[in-house]
S.K.: 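Okay, here's the structure, questions in a sec.
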Amino acid sequence: LRIRFRTAAWRFLNYAISSTIGVLCLYDKDWVWQPREYFVNWPHFPLEESTRFYYAVGFGSYAYGFISLLFFEPWQSDFLAMIIHHFSTLTVIIASFLFKQTRVGVVVLLLHDVSDPFMEIAKCFLYLKWQKLADATFLLFAAVFMFTRNYIFPVYVITAPFLYQTRGDGPDDIPLAIFWLCVGCLIVLALLHVYWAFLLIKMIIRAIRAKSVEGDVRDVESDDE
């Protein structure tokens with residue numbers, strides 16, 4: 001239990017720092033909520049230092065997570081889903097940086113970051129046996145997760161390249177292969193988000209019946225088998 005607590009606390013610190021950097025990077029950007037603006041003047045808009053730094057933090061975090069999943073963390077029921085998720089996210093980070101799709105890239109990073117601190121701090125409260133705080137924080141995590149990943153991500157981010165990105169062989173077009181690589185990874189991420197939202201709903205129903213949150217959402221499936 002002590003090892004689990006330390007792992008959750010470390011992840012909370014990691015995700016909280018990354019989320020804070022993302023918010024500071026994007027809070028004053030008018031284009032964040034205007035997907036059409038993601039591609040205006042592409043590929044000629046400048047890469048700001050704050051965006052470059054956030055990319056470095058995001059890449060480091062997901063690269064570490066990917067390696068940790070493969071070699072260090074105990075196996076969980078959604079191991080394959082997590083590997084696919086981290087690989088797809090790393091692909092989006094690298095491709096969007098190399099091909100100057102950084103406005104989309106940083107939005108994807110932030111949408112993936114903001115819910116995770118709530119999940120890890122909820123685990124910490126659970127391991128400390130602070131049940132009411134664990135319950136409240138878990139519900140907050142579920143709400144933020146579903147709003148950012150099951151609503152904003154598909155509605156604002158995935159649709160944007162189809163609606164506003166020019167693609168083809170022109171000087172201001174993104175190559176079709178790169179376009180479909182990035183969009184394909186985004187769609188894979190969206191499907192995984194639906195899968196995890198399903199597990200969250202199962203866990204919420206189980207918590208209502210038990211009158212408390214128990215365990216890790218990533219092990220809900222295996223617990224039911």
Side-chain angles (χ1 to χ4, degrees), residues 1-20 22 58 61-62 64-66 68-70 72-89 108-158 185-225:
L1 191 63
R2 183 176 298 176
I3 294 175
R4 288 187 175 186
F5 174 81
R6 289 176 178 174
T7 301
W10 163 248
R11 287 178 176 172
F12 166 73
L13 182 62
N14 179 42
Y15 293 140
I17 291 173
S18 182
S19 299
T20 301
S61 177
Y62 276 96
Y64 165 79
F66 187 73
S68 180
L69 279 169
L70 285 175
F72 302 112
E73 294 188 16
W75 191 90
Q76 290 183 289
S77 62
D78 66 344
F79 172 80
L80 180 59
M82 287 295 294
I83 289 295
I84 295 172
H85 176 272
H86 278 52
F87 179 80
S88 298
T89 306
V108 170
L109 274 175
L110 185 60
L111 291 177
H112 280 74
D113 280 345
V114 292
S115 62
D116 289 339
F118 299 107
M119 175 179 65
E120 299 302 335
I121 196 65
K123 291 180 188 178
C124 290
F125 292 147
L126 185 65
Y127 299 147
L128 291 170
K129 302 188 184 303
W130 297 351
Q131 193 64 53
K132 290 185 178 180
L133 279 175
D135 294 345
T137 313
F138 174 77
L139 290 175
L140 182 59
F141 157 68
V144 174
F145 181 98
M146 292 181 189
F147 180 66
T148 56
R149 300 201 194 190
N150 297 124
Y151 173 65
I152 295 179
F153 183 72
V155 171
Y156 285 89
V157 176
I158 294 182
C185 288
L186 293 178
I187 292 173
V188 168
L189 291 173
L191 292 175
L192 290 172
H193 298 162
V194 172
Y195 166 68
W196 279 314
F198 170 71
L199 294 185
L200 277 172
I201 292 170
K202 286 179 65 177
M203 192 168 183
I204 290 170
I205 293 172
R206 191 173 70 179
I208 291 173
R209 291 173 178 172
K211 297 183 179 180
S212 66
V213 173
E214 297 178 358
D216 186 338
V217 65
R218 291 177 56 196
D219 275 331
V220 168
E221 189 177 76
S222 61
D223 290 346
D224 290 343
E225 291 176 355

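Atom set for the values below is all heavy atoms of this structure, side chains included, hydrogens, waters and symmetry mates excluded. In what follows, residues are counted from 1 in the order of the sequence shown.
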S.K.: Looking at I204 and A142, what are the two nearest heavy atoms and their distance?
M.R.: CD1-CB, 3.9 Å
S.K.: Is S18 reaching over with its side chain to a backbone N or O of N14, donor-acceptor style, under 3.5 angstrom?
M.R.: no
S.K.: Any chance you could measure L189, atom CG, to W196, atom CH2, to the nearest 0.5 Å?
M.R.: 8.0 Å
S.K.: Going from CG on L139 to CE on M203, what distance comes out if it is rounded to the nearest 0.5 angstrom?
M.R.: 10.0 Å
S.K.: For F141 and S115, work out which heavy atoms get closest and say how close.
M.R.: CD1-O, 3.2 Å
S.K.: I would like to know whether L109 and Y62 meet side chain to side chain contact (heavy atoms under 4.5 Å, CB included); could you show each step before the answer?
M.R.: CA-CA 10 Å; L109 274 175; Y62 276 96; 4.1 Å; yes
S.K.: For A136, what residues pass the side chain to side chain contact (heavy atoms under 4.5 Å, CB included) criterion, not counting sequence neighbours?
M.R.: none
S.K.: Where do T137 and F118 come nearest, in terms of heavy atoms and distance?
M.R.: CG2-O, 3.3 Å
S.K.: Would you check, one step at a time, whether the test side chain to side chain contact (heavy atoms under 4.5 Å, CB included) holds for L191 with Y195?
M.R.: CA-CA 6 Å; L191 292 175; Y195 166 68; over 6 Å; no
S.K.: Does I121 reach the side chain of Y15, with side-chain heavy atoms less than 4.5 Å apart?
M.R.: no
S.K.: Determine the minimum heavy-atom distance between A134 and A122, stating which atoms define it.
M.R.: CB-O, 3.8 Å
S.K.: Going by atom type alone, with no hydrogens or angles, which donor-acceptor pairs under 3.5 Å involve a side-chain atom of residues 81-89 and a protein atom two or more places apart or on another chain?
M.R.:
unit_1: H86; atom_1: ND1; unit_2: M82; atom_2: O; d: 3.2
unit_1: S88; atom_1: OG; unit_2: I84; atom_2: O; d: 2.9
unit_1: T89; atom_1: OG1; unit_2: H85; atom_2: O; d: 2.8

S.K.: Could you tabulate the donor-acceptor pairs under 3.5 Å formed by side-chain atoms of residues 143-156, not counting sequence neighbours?
M.R.:
unit_1: T148; atom_1: OG1; unit_2: V144; atom_2: O; d: 2.7
unit_1: T148; atom_1: OG1; unit_2: F145; atom_2: O; d: 3.4
unit_1: R149; atom_1: NH2; unit_2: H112; atom_2: O; d: 2.7
unit_1: R149; atom_1: NH2; unit_2: D116; atom_2: OD1; d: 3.1
unit_1: R149; atom_1: NH2; unit_2: D116; atom_2: OD2; d: 3.4
unit_1: N150; atom_1: ND2; unit_2: H193; atom_2: O; d: 3.3

S.K.: Looking at CZ of F125 and CZ of F5, how far apart are the two atoms once the value is rounded to the nearest 0.5 Å?
M.R.: 9.0 Å
S.K.: Can you find a heavy atom in the side chain of F138 that is under 4.5 Å from one in the side chain of L200?
M.R.: yes
S.K.: Using 0.5 Å steps for rounding, measure from the CZ atom of R6 to the SG atom of C124.
M.R.: 12.5 Å
S.K.: Show the nearest heavy-atom pair for residues V114 and L111, with the distance to one decimal.
M.R.: CG2-O, 4.0 Å
S.K.: Look up atom CG in L133 and atom CG in L140, then write down how far apart they are to the nearest 0.5 Å.
M.R.: 11.5 Å
S.K.: Looking at K123 and A8, what are the two nearest heavy atoms and their distance?
M.R.: CB-CB, 3.9 Å
